[in-house]
Amino acid sequence: MREGVMRVRKRVFAAVLALSLLALLTTASTVVAEEGAEEAAATANGWIAIAAGIAMAGSALAAGMAIASTGTAATGATAEKPEVFGRVLIFVALAEALAIYGLLIAFMLWTKIS
């Protein structure tokens, strides 16, 4: 059962990654040679926005997968031995920190947009 779930997660992750890359390539193909500083700035702002979105989406997806794995294990461990709750909570918090780091990077990129 567990192996089947992991295969499905890998396929979903690969599909999301492929669609993100396809969207990025589609956006890149529509960008034509810029003429003037305003168009160059608008194009750069668009790329920064795309990068911020990818950073946030990727980190949120990874954090969700990590929390699903660690949360399940933490629940099982806590059910067997309630005294390990504090230790397993640390692992779940570390997995959750991935999304916070992605949000931080996305925010830093977003503030670069002029």
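The residues of the chain are indexed from 1 along the displayed sequence.
Every residue meeting the side chain to side chain contact (heavy atoms under 4.5 Å, CB included) condition with Ala99, not counting sequence neighbours, appears here in chain and number order: Ala63. Remark: Ala73 pairs with no residue by the side chain to side chain contact (heavy atoms under 4.5 Å, CB included) rule, at least two apart or across chains. For the side chain to side chain contact (heavy atoms under 4.5 Å, CB included) test, residues two or more places apart in sequence or in another chain that qualify with Met65 are Phe13, Leu61.
Listed for the Ser69 side chain is no donor-acceptor partner under 3.5 Å among the backbone atoms of Ala66.
Hydrophobic cluster membership for Met56: Leu103 (Ile, Leu, Val, Met, Phe, Trp, Tyr linked by side-chain heavy atoms under 4.5 Å, directly or transitively). If you chain together ILVMFWY residues whose side-chain heavy atoms come under 4.5 Å of each other, Ile67 ends up in a group of its own.
Note that CG of Leu109 and CH2 of Trp47 are 14.0 Å apart. Values are rounded to the nearest 0.5 Å.
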Identify all side-chain donor-acceptor contacts of residues 75-98 below 3.5 Å with residues at least two apart in sequence or on another chain.
| from | atom 1 | to | atom 2 | distance (Å) |
| --- | --- | --- | --- | --- |
| Thr75 | OG1 | Gly71 | O | 2.8 |
| Thr78 | OG1 | Ala74 | O | 2.7 |

